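Only a predicted model underlies this, so the values are computations on that prediction, with no experimental measurement involved.
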Amino acid sequence: MKIAVEGCCHGELDKIYETIGYLEKKEAVKVDLLLCCGDFQAARNEGDMNCMAIPLKYRMMQTFYKYYSGEKKAPVLTIFIGGNHEASNHLQELPYGGWVAPNIYYLGYAGVVRYKGIRIGGISGIFKSHDYRRGHHEFPPYDPSTLRSVYHVRNIEVFKLKQIQMPIDIFMSHDWPRGIYHHGSTAELLRKKKFLRQEVESNSLGSPAAEELLAHLQPRYWFSAHLHVKFAAVKQHPPKANAAPRVTKFLSLDKCLPYRDFLQIVDVAERPGSSEGLEYDPEWLAILKATNNLQSTNAHPWNPPENNGLHERWDFRPSEAAMMQVAKDFSGELAIPDNFSQTVQPYDPKRPKQHASPSCNTNPQTTELCATLGLTDLYAHALQGGGNLSRIQAGTGGDDDGESADEHSEYPTDTSGLSSSYNPDEITIEDEWEEEEGKEEVDGSSNPILAVRGENPSDGPAGEVHTPGRMVLPAPKSDTSPTNLSHLMNLPPPSHSTPAVAAHLCPGAEREEPCEDEDDVADDDDASALPTLKRTSDEAEAPGSKVTTPRIKRRNQVIYTTVEDDDE
């Protein structure tokens, strides 16, 4: 089956589905599934927009509300994880996953599902060590701190995923597993993103929690986004016991913009005898049941139970009987029901509400799933003023009153030195990087879509790469002939490029320079470093004065307006 993988969505659903339709027509293929690797931005109305960690000037409704309201329906089944630019109040309604719109499924804080026999897992958010050991304590209305900490990965989700024993075919994370850049063309990555050099050389770029999951799960494919660059790698894992060594093919993609590598199609063999629809995964549901009492909705630090004599139970790997019980709970029917329902009034462009308050609602999908499996609805629990669920039971979990002398965080708590690289053309916040678009078009590839053929998840070498012609969104009508490239997923990933895109000229410009309004829009609102202002060779004289006044060329207008937003 054909699986389309997309990097950072940033609410551009119309353009993504339009691109898939263009590719299906051009390549005479049918895409069965779309995977989105975070920053989905499922904003239903203006209240949701206020729950997104995005600068005010970039808070635009985009197109998701059309799919939520029923005005449109996703033409292909879509599965996504959360990133660091999300309508967090909406996604928190579905901690265990669920439909955010017809045919669009969210995996939850962490989750595993099956589609045509393929096991697809993922973890939402990005890693920050100072929040890693806390519970999911953030709920609307968010303050400036919880607006960001709400999308930080927690160790309870990593602990659940580490209970998985059966093979995973595809796994998604928003930020990269730490160290994965050493298994691909590192030089090509640093050519595209020069400011990442310090983190790469110190091996501090990426998520240590995702690195741990990569070593444990060893999936066939791992897809990520976040850094807004296309990068491929192949990770050879050491063999476990007497099993044959596994290989993970890693691919990260850009965000949905013209001339960017934001979409790729992978050909994955479906398993014979599997059902056609989206299904719950019995092993994952059994893990959710077993670990329900370990969850928390308070901010106290917590370490997962270990075999150190302090905990009654530390192994939560489900038995065959536990998985059979899950199937029995669902009366043998593991197909995920089409039970989407609206919980808020969707955005109406004819009647905008400028000062809408964020909603905080329980979701019937979560209520139904919790009732079936005996799970706790974290949102409802928090609304009732709850904290821990049942950790106070002896031996169930870790220390809840703070960090004990015997239990320490497995990751450093000081991350101040992990993002010290200087990028003169961008604004950074929460490890989201963005460079000047014109520079990337010259330095990097400008092909927006790549199709990978001949991939078999169970065995066989990497498939052949086929690249359709360059396409400018939003009008996918190019009849440019495809360009064949070399193999993508073999080590090292190929270095490929196409002719640089000519810069659009400002009307009346004296030189051939890009228009300021065509600079790439940064996603972040924290100006970590301002660039040195550049003079043009022209100097204009001030009226009535012999002193010349230099003209300043602002290479990235976004940087100069950031302070104004902060003041507002």
Tell me every residue that passes side chain to side chain donor-acceptor pair (under 3.5 Å) with N361, counting only those two or more places apart in sequence or in another chain. none

S69 and Y347 side chains, donor-acceptor separation under 3.5 Å: no

Main-chain N/O of G122 paired with S173 side-chain donor or acceptor, under 3.5 Å: no

List the steps, then state whether side chain to side chain donor-acceptor pair (under 3.5 Å) holds for D143 with T146. CA-CA 5 Å; D143 59 36; T146 58; 3.1 Å; yes

Between the CD atom in E12 and the CG atom in L257, the distance rounded to the nearest 0.5 Å is 7.5 Å

Any Y132 side-chain heavy atom under 4.5 Å of V158 side chain: yes

Closest contact, heavy atoms only, Y379 versus S359: OH-O, 4.2 Å

Does the D32 side chain pair with the main chain of I3, one donor and one acceptor, at a distance under 3.5 Å? no

Under the side chain to side chain donor-acceptor pair (under 3.5 Å) rule, what do E93 and T362 come out as? Steps first, then yes or no, please. CA-CA 6 Å; E93 293 181 7; T362 57; over 6 Å; no

Report yes if some heavy atom in the side chain of L285 is under 4.5 Å from a heavy atom in the side chain of F330; otherwise report no. yes

Answer yes or no: is there a side-chain heavy-atom contact under 4.5 Å between D377 and L375? no

Which value, rounded to the nearest 0.5 Å, describes the distance between I120 atom CD1 and K116 atom NZ? 11.0 Å

Describe, in one word, how the ring planes of H152 and H130 are oriented to each other, choosing from parallel (under 30°), tilted (30 to 60°) and perpendicular (over 60°). perpendicular

Report yes or no: is the cationic atom of R44 (NZ for Lys, CZ for Arg) under 6.0 Å from the centre of the six-membered ring of Y68, at an angle within 45° of the ring normal? yes

Salt bridge (Lys or Arg N to Asp or Glu O under 4.0 Å) with E71: which residues, sequence neighbours excluded? none

Could you go step by step and tell me if N292 and T376 meet the side chain to side chain donor-acceptor pair (under 3.5 Å) rule? CA-CA 7 Å; N292 183 60; T376 301; 3.2 Å; yes

Interatomic spacing from CG in L369 to OH in Y96 - rounded to 0.5 Å: 8.0 Å

Report yes if the distance between the aromatic ring centroids of Y221 and F171 is under 6.0 Å, otherwise no. no

Heavy-atom nearest pair, D175 first then S224, reads O-OG, 3.7 Å

State plainly whether the residues D131 and R134 are in salt-bridge range, i.e. N to O under 4.0 Å. yes

Hey, are E138 and R154 close enough for a salt bridge, meaning a charged N less than 4.0 Å from a carboxylate O? yes

Quick one, L205 with L196, criterion side-chain contact (heavy atoms from CB on, under 4.5 Å). Give me CA distance, side-chain angles, the key distance, then yes/no. CA-CA 8 Å; L205 176 65; L196 297 179; 4.2 Å; yes

Are R114 and D281 within salt-bridge range, i.e. N to O under 4.0 Å? yes

Just by modelled atom types, is the G98 backbone N or O under 3.5 Å from a matching donor or acceptor in the Q365 side chain? no

Mind checking ring-ring contact (aromatic ring centres under 6.0 Å, His included) for W284 and listing every partner two or more places apart, or none if nothing turns up? none

Nearest atoms (heavy-atom pairs only) where M49 meets A43: SD-CB, 3.5 Å

Please name the pair of heavy atoms, one in F340 and one in V100, separated by the smallest distance, quoted to 0.1 Å. CE1-O, 3.3 Å

Which pair of non-hydrogen atoms, one from I16 and one from C9, has the smallest distance, and what is that distance? CD1-SG, 3.5 Å

Side chains of P346 and V344: closer than 4.5 Å at any heavy-atom pair? no

Residues at least two apart in sequence or cross-chain that pass side chain to side chain contact (heavy atoms under 4.5 Å, CB included) with C37, listed by chain then number, are V5, M172, F223, A225

Interatomic spacing from CH2 in W302 to OG in S296 - rounded to 0.5 Å: 9.0 Å

From the list K160, H136, E157, side chain to side chain donor-acceptor pair (under 3.5 Å) partner of Q295 resolves to K160

Take H10 and H228 through the test ring-ring contact (aromatic ring centres under 6.0 Å, His included) and record every step on the way to the result. CA-CA 11 Å; H10 290 292; H228 294 177; 5.5 Å; yes

Rounded to the nearest 0.5 Å, the CG atom of L189 sits from the CG atom of L227 at a distance of 7.5 Å

Begin with the C-alpha distance, continue with both residues' side-chain angles, and end with the deciding distance and a verdict on side-chain contact (heavy atoms from CB on, under 4.5 Å) for T297 and H381. CA-CA 8 Å; T297 54; H381 186 71; 3.4 Å; yes

Going by side chain to side chain contact (heavy atoms under 4.5 Å, CB included), name the residues that satisfy it together with K72, two or more places apart in sequence or in a different chain. D14, K66, Y67

Any W222 side-chain heavy atom under 4.5 Å of L213 side chain: yes

Between K255 and D39 (salt bridge meaning N to carboxylate O under 4.0 Å), is one present in this structure? no

Non-hydrogen side-chain atoms of L33 and I118 separated by less than 4.5 Å: no

Would you be so kind as to tabulate the donor-acceptor pairs closer than 3.5 Å made by side chains of residues 101-113, with sequence neighbours excluded?
unit_1, atom_1, unit_2, atom_2, d
N103, ND2, A74, O, 3.1
Y106, OH, G108, O, 3.3
Y109, OH, Q92, NE2, 3.2

Any heavy-atom pair between the side chains of Y151 and S124 that's under 4.5 Å? no

Note: P95 and L378 closest approach over all heavy atoms is CB-CD1, 4.2 Å

With side-chain contact (heavy atoms from CB on, under 4.5 Å) as the test, would you mind laying out the steps for Y142 and S149 before giving the verdict? CA-CA 10 Å; Y142 305 113; S149 67; over 6 Å; no

In the structure I gave you, are the side-chain heavy atoms of F262 and C8 within less than 4.5 Å of one another anywhere? no

If only side-chain N and O atoms count, and only distance matters, is there a donor-acceptor pair under 3.5 Å linking H90 with Q41? no

Going through the distances and angles, do F250 and W176 end up as a side-chain contact (heavy atoms from CB on, under 4.5 Å)? CA-CA 9 Å; F250 173 84; W176 296 13; 3.9 Å; yes

Is there a donor-acceptor pair under 3.5 Å between the side chain of E86 and the backbone N or O of S88? no

Is a donor from one side chain sitting under 3.5 angstrom from an acceptor on the other, for E368 and N339? yes

